[in-house]
Amino acid sequence: VNPGFQEQLKLYEAMGCAVDSSSVLYKRYRLQILTERYPELQDVPGEVFAVDPTNICQTPNTEVLYRCRKCRRALFRSSSILSHMEGSGPTAFAHKRIMDSAQLCSDGREKCTSYFTEPVQWMEPALLGVMEGQLLCPKCTSKLGSFSWRGEQCSCGRWVTPAFQIHKSRVDEVRTLPVGSFQTAKT
(Lines give C-alpha, C1' and ligand atoms only; values in the text may rest on other atoms or scores of the structure.)
Protein backbone atom coordinates (compact mmCIF):
# COMPACT_ATOMS: atom_id res chain seq x y z
CA VAL A 1 0.00 0.00 0.00
CA ASN A 2 1.22 3.49 -0.83
CA PRO A 3 2.70 5.22 2.29
CA GLY A 4 0.95 8.48 1.32
CA PHE A 5 -2.39 6.70 1.29
CA GLN A 6 -1.66 5.18 4.71
CA GLU A 7 -0.97 8.69 6.08
CA GLN A 8 -4.27 9.89 4.63
CA LEU A 9 -6.09 7.00 6.31
CA LYS A 10 -4.45 7.84 9.66
CA LEU A 11 -5.49 11.47 9.24
CA TYR A 12 -9.06 10.43 8.37
CA GLU A 13 -9.21 8.21 11.46
CA ALA A 14 -7.77 10.97 13.69
CA MET A 15 -10.54 13.31 12.47
CA GLY A 16 -13.26 10.82 13.52
CA CYS A 17 -13.77 9.23 10.07
CA ALA A 18 -15.00 12.49 8.55
CA VAL A 19 -13.22 15.22 6.61
CA ASP A 20 -13.06 18.21 8.95
CA SER A 21 -11.54 21.15 7.07
CA SER A 22 -11.37 23.16 10.31
CA SER A 23 -9.17 20.54 12.00
CA VAL A 24 -5.57 21.56 12.78
CA LEU A 25 -4.43 18.16 11.49
CA TYR A 26 -6.21 18.69 8.17
CA LYS A 27 -4.85 22.25 7.78
CA ARG A 28 -1.27 21.09 8.42
CA TYR A 29 -1.70 18.19 5.94
CA ARG A 30 -3.10 20.57 3.31
CA LEU A 31 -0.10 22.90 3.69
CA GLN A 32 2.37 20.02 3.36
CA ILE A 33 0.68 18.83 0.16
CA LEU A 34 0.68 22.40 -1.14
CA THR A 35 4.47 22.71 -0.83
CA GLU A 36 4.90 19.44 -2.75
CA ARG A 37 2.51 20.37 -5.59
CA TYR A 38 3.50 24.01 -6.03
CA PRO A 39 7.29 24.15 -5.57
CA GLU A 40 7.46 27.54 -7.32
CA LEU A 41 4.67 28.91 -5.07
CA GLN A 42 3.23 31.14 -7.79
CA ASP A 43 -0.31 29.82 -8.31
CA VAL A 44 -1.33 28.88 -4.78
CA PRO A 45 -5.08 28.20 -4.56
CA GLY A 46 -6.99 30.94 -2.73
CA GLU A 47 -8.82 28.51 -0.44
CA VAL A 48 -5.52 27.75 1.32
CA PHE A 49 -5.56 31.21 2.91
CA ALA A 50 -7.66 31.82 6.01
CA VAL A 51 -10.13 34.69 5.77
CA ASP A 52 -8.71 38.05 6.83
CA PRO A 53 -10.46 39.02 10.10
CA THR A 54 -11.01 42.55 8.79
CA ASN A 55 -13.22 41.12 6.00
CA ILE A 56 -15.75 39.63 8.43
CA CYS A 57 -18.00 41.92 10.43
CA GLN A 58 -18.23 39.96 13.67
CA THR A 59 -16.05 37.44 15.47
CA PRO A 60 -17.80 34.53 17.20
CA ASN A 61 -17.78 34.85 21.01
CA THR A 62 -15.72 31.68 21.40
CA GLU A 63 -12.82 32.86 19.24
CA VAL A 64 -9.89 34.99 20.29
CA LEU A 65 -8.81 37.71 17.88
CA TYR A 66 -5.14 38.64 17.57
CA ARG A 67 -4.19 42.22 16.72
CA CYS A 68 -0.97 44.01 15.89
CA ARG A 69 0.36 45.44 19.14
CA LYS A 70 1.49 48.64 17.41
CA CYS A 71 -1.51 49.67 15.26
CA ARG A 72 -4.27 47.32 16.55
CA ARG A 73 -5.12 45.89 13.12
CA ALA A 74 -6.83 42.47 13.33
CA LEU A 75 -4.42 39.82 12.00
CA PHE A 76 -5.82 36.33 12.69
CA ARG A 77 -8.21 34.31 14.85
CA SER A 78 -7.50 31.51 17.29
CA SER A 79 -8.94 29.04 14.73
CA SER A 80 -5.98 29.87 12.44
CA ILE A 81 -3.37 28.78 14.98
CA LEU A 82 -1.77 25.45 14.12
CA SER A 83 -0.67 23.87 17.38
CA HIS A 84 2.32 21.57 17.53
CA MET A 85 3.76 19.05 19.95
CA GLU A 86 6.21 20.65 22.35
CA GLY A 87 9.86 19.99 21.55
CA SER A 88 12.74 19.32 23.91
CA GLY A 89 13.24 23.01 24.70
CA PRO A 90 16.60 24.76 25.03
CA THR A 91 18.48 21.46 24.84
CA ALA A 92 17.42 21.23 21.18
CA PHE A 93 19.61 24.28 20.54
CA ALA A 94 22.53 23.03 22.67
CA HIS A 95 24.67 22.30 19.61
CA LYS A 96 24.63 26.05 18.82
CA ARG A 97 25.69 27.21 22.28
CA ILE A 98 29.05 27.48 23.96
CA MET A 99 27.73 26.78 27.48
CA ASP A 100 27.22 23.28 28.80
CA SER A 101 23.88 21.79 27.74
CA ALA A 102 23.34 20.52 31.31
CA GLN A 103 22.96 24.16 32.41
CA LEU A 104 20.06 24.60 29.99
CA CYS A 105 16.94 23.78 31.97
CA SER A 106 13.44 25.17 32.00
CA ASP A 107 13.19 28.34 34.05
CA GLY A 108 9.41 28.45 34.32
CA ARG A 109 8.92 30.71 31.31
CA GLU A 110 6.62 29.86 28.45
CA LYS A 111 8.44 27.59 26.00
CA CYS A 112 6.73 28.62 22.75
CA THR A 113 7.30 32.32 22.14
CA SER A 114 5.46 32.34 18.80
CA TYR A 115 2.18 31.36 17.20
CA PHE A 116 2.37 29.17 14.11
CA THR A 117 -0.65 29.91 11.94
CA GLU A 118 -2.11 28.89 8.65
CA PRO A 119 -1.53 31.53 5.98
CA VAL A 120 -4.04 34.40 6.18
CA GLN A 121 -5.23 36.44 3.17
CA TRP A 122 -3.20 39.53 4.12
CA MET A 123 -0.01 37.41 3.92
CA GLU A 124 -0.59 36.35 0.31
CA PRO A 125 1.50 39.08 -1.43
CA ALA A 126 4.53 38.29 0.77
CA LEU A 127 4.26 34.49 0.40
CA LEU A 128 3.91 34.01 -3.34
CA GLY A 129 7.04 33.29 -5.33
CA VAL A 130 9.50 33.16 -2.40
CA MET A 131 10.46 30.36 -0.03
CA GLU A 132 11.00 32.48 3.10
CA GLY A 133 10.82 36.03 4.38
CA GLN A 134 9.41 38.41 6.95
CA LEU A 135 5.77 38.84 7.89
CA LEU A 136 4.93 42.53 8.23
CA CYS A 137 1.73 44.11 9.49
CA PRO A 138 -0.34 45.09 6.44
CA LYS A 139 -1.25 48.42 8.05
CA CYS A 140 1.84 49.76 9.86
CA THR A 141 4.52 47.42 8.34
CA SER A 142 6.00 46.54 11.75
CA LYS A 143 7.70 43.14 11.82
CA LEU A 144 5.39 40.45 13.23
CA GLY A 145 7.41 37.35 12.48
CA SER A 146 8.62 35.28 9.56
CA PHE A 147 7.63 32.49 7.23
CA SER A 148 9.40 29.62 5.57
CA TRP A 149 7.84 27.01 3.32
CA ARG A 150 10.77 24.74 4.27
CA GLY A 151 10.00 25.12 7.98
CA GLU A 152 11.40 26.81 11.08
CA GLN A 153 12.29 25.71 14.57
CA CYS A 154 10.05 26.89 17.41
CA SER A 155 11.61 28.16 20.63
CA CYS A 156 10.41 24.92 22.27
CA GLY A 157 12.68 22.96 19.93
CA ARG A 158 10.02 21.52 17.59
CA TRP A 159 10.53 21.86 13.82
CA VAL A 160 7.34 23.17 12.14
CA THR A 161 6.89 22.78 8.35
CA PRO A 162 5.75 24.97 6.63
CA ALA A 163 6.06 27.76 9.17
CA PHE A 164 4.09 31.01 9.36
CA GLN A 165 5.45 32.28 12.66
CA ILE A 166 4.04 35.31 14.50
CA HIS A 167 5.88 36.37 17.66
CA LYS A 168 3.61 36.54 20.72
CA SER A 169 5.34 39.75 21.82
CA ARG A 170 4.13 41.49 18.63
CA VAL A 171 0.41 40.78 19.01
CA ASP A 172 -2.34 41.21 21.59
CA GLU A 173 -5.13 38.75 22.34
CA VAL A 174 -8.60 40.27 22.22
CA ARG A 175 -11.33 38.25 23.91
CA THR A 176 -15.01 39.10 23.75
CA LEU A 177 -16.65 39.33 27.15
CA PRO A 178 -19.75 37.13 27.52
CA VAL A 179 -21.87 39.98 28.97
CA GLY A 180 -22.30 43.12 26.89
CA SER A 181 -20.25 44.10 23.86
CA PHE A 182 -17.07 45.25 25.60
CA GLN A 183 -13.71 43.82 24.54
CA THR A 184 -10.58 43.48 26.62
CA ALA A 185 -7.02 43.03 25.49
CA LYS A 186 -4.72 40.64 27.25
CA THR A 187 -1.16 41.93 27.21
Side-chain angles (χ1 to χ4, degrees), residues 11 14-15 20-35 48-53 59-60 62-123 126-127 131-138 140 142-176 183-187:
L11 173 65
M15 291 189 299
D20 180 8
S21 60
S22 64
S23 164
V24 171
L25 297 171
Y26 180 78
K27 290 176 183 179
R28 192 165 298 287
Y29 170 76
R30 184 179 62 185
L31 287 171
Q32 288 173 345
I33 294 300
L34 178 72
T35 57
V48 169
F49 295 94
V51 176
D52 190 332
T59 303
T62 58
E63 278 201 289
V64 177
L65 187 65
Y66 294 85
R67 296 180 181 264
C68 173
R69 186 163 278 179
K70 186 174 179 181
C71 71
R72 309 294 297 147
R73 191 228 194 249
L75 299 170
F76 60 96
R77 291 187 172 78
S78 56
S79 60
S80 293
I81 295 174
L82 302 177
S83 58
H84 59 275
M85 296 293 292
E86 195 172 278
S88 57
T91 56
F93 301 101
H95 67 282
K96 296 181 181 180
R97 303 195 192 277
I98 297 172
M99 68 168 52
D100 182 21
S101 61
Q103 294 174 343
L104 296 172
C105 59
S106 72
D107 55 359
R109 289 188 297 165
E110 191 173 14
K111 285 192 171 195
C112 296
T113 59
S114 299
Y115 297 111
F116 287 88
T117 67
E118 63 183 324
V120 184
Q121 287 174 340
W122 61 264
M123 297 177 186
L127 301 179
M131 291 302 289
E132 58 189 37
Q134 293 184 349
L135 291 175
L136 305 176
C137 176
C140 68
S142 65
K143 184 177 179 195
L144 300 171
S146 58
F147 73 92
S148 175
W149 291 97
R150 294 180 193 103
E152 291 182 352
Q153 193 168 26
C154 180
S155 58
C156 73
R158 176 67 57 188
W159 188 262
V160 180
T161 305
F164 307 96
Q165 182 178 27
I166 306 284
H167 300 296
K168 290 181 178 181
S169 64
R170 304 296 179 130
V171 295
D172 286 327
E173 290 182 7
V174 179
R175 298 177 186 266
T176 306
Q183 291 183 344
T184 62
K186 178 184 173 190
T187 56

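Source: prediction; values computed, not measured.
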* Asked: When you look at E173 and L65, which way does the side chain to side chain contact (heavy atoms under 4.5 Å, CB included) test go after all the steps?
  -> CA-CA 6 Å; E173 290 182 7; L65 187 65; over 6 Å; no
* **Nearest-0.5 Å distance that lies between atom OG in S148 and atom CG in L127** => 11.0 Å
* Intermediate values then yes/no, side chain to side chain contact (heavy atoms under 4.5 Å, CB included), L75 and V171 -> CA-CA 9 Å; L75 299 170; V171 295; 3.7 Å; yes
* So how far is it from T161 OG1 to R150 CZ, rounded to the nearest 0.5 Å? -> 11.0 Å
* Asked: Would H84 and C154 satisfy side chain to side chain contact (heavy atoms under 4.5 Å, CB included), going step by step from the backbone distance to the final call?
  -> CA-CA 9 Å; H84 59 275; C154 180; 3.4 Å; yes
* What residues, two or more places apart in sequence or in another chain, satisfy side chain to side chain donor-acceptor pair (under 3.5 Å) together with S114? -> Q165, H167
* Does any N or O in the side chain of S80 come within less than 3.5 Å of the main-chain N or O of E118, such that one atom is a donor and the other an acceptor? -> no
* Might you work through the salt bridge (Lys or Arg N to Asp or Glu O under 4.0 Å) test for R67 and D172, ending with a clear yes or no? => CA-CA 5 Å; R67 296 180 181 264; D172 286 327; over 6 Å; no
* Flag side-chain contact, heavy atom, 4.5 Å: C140 against R73 -> no
* Validation row: S146, E132 side chains within 4.5 angstrom (heavy atoms) -> no
* Asked: Taking C-beta and beyond as the side chain, do P162 and E152 meet within less than 4.5 Å on heavy atoms?
  -> no
* Structure fact -> Residues passing the ring pair (Phe, Tyr, Trp, His ring centres under 6.0 Å) test with F164, sequence neighbours excluded, are W149
* Asked: Can you list the residues that meet the side-chain contact (heavy atoms from CB on, under 4.5 Å) rule with L136, with sequence neighbours excluded?
  -> Q134, K143
* Structure fact -> For T117, the side chain to side chain donor-acceptor pair (under 3.5 Å) test, sequence neighbours excluded, returns none
* Please lay out, stage by stage, how F147 and M123 fare under the test side chain to side chain contact (heavy atoms under 4.5 Å, CB included). => CA-CA 10 Å; F147 73 92; M123 297 177 186; over 6 Å; no
* **Inter-residue atom distance S169.OG - R69.CZ, 0.5 Å rounding** => 7.0 Å
* Shortest non-hydrogen contact from W122 toward I166 -> CH2-CD1, 4.4 Å
* So do the side chains of C68 and S142 get within less than 4.5 Å of each other, counting heavy atoms only? -> yes
* Structure fact -> S78 meets the side-chain contact (heavy atoms from CB on, under 4.5 Å) criterion, sequence neighbours left out, with E63, V64, Y66
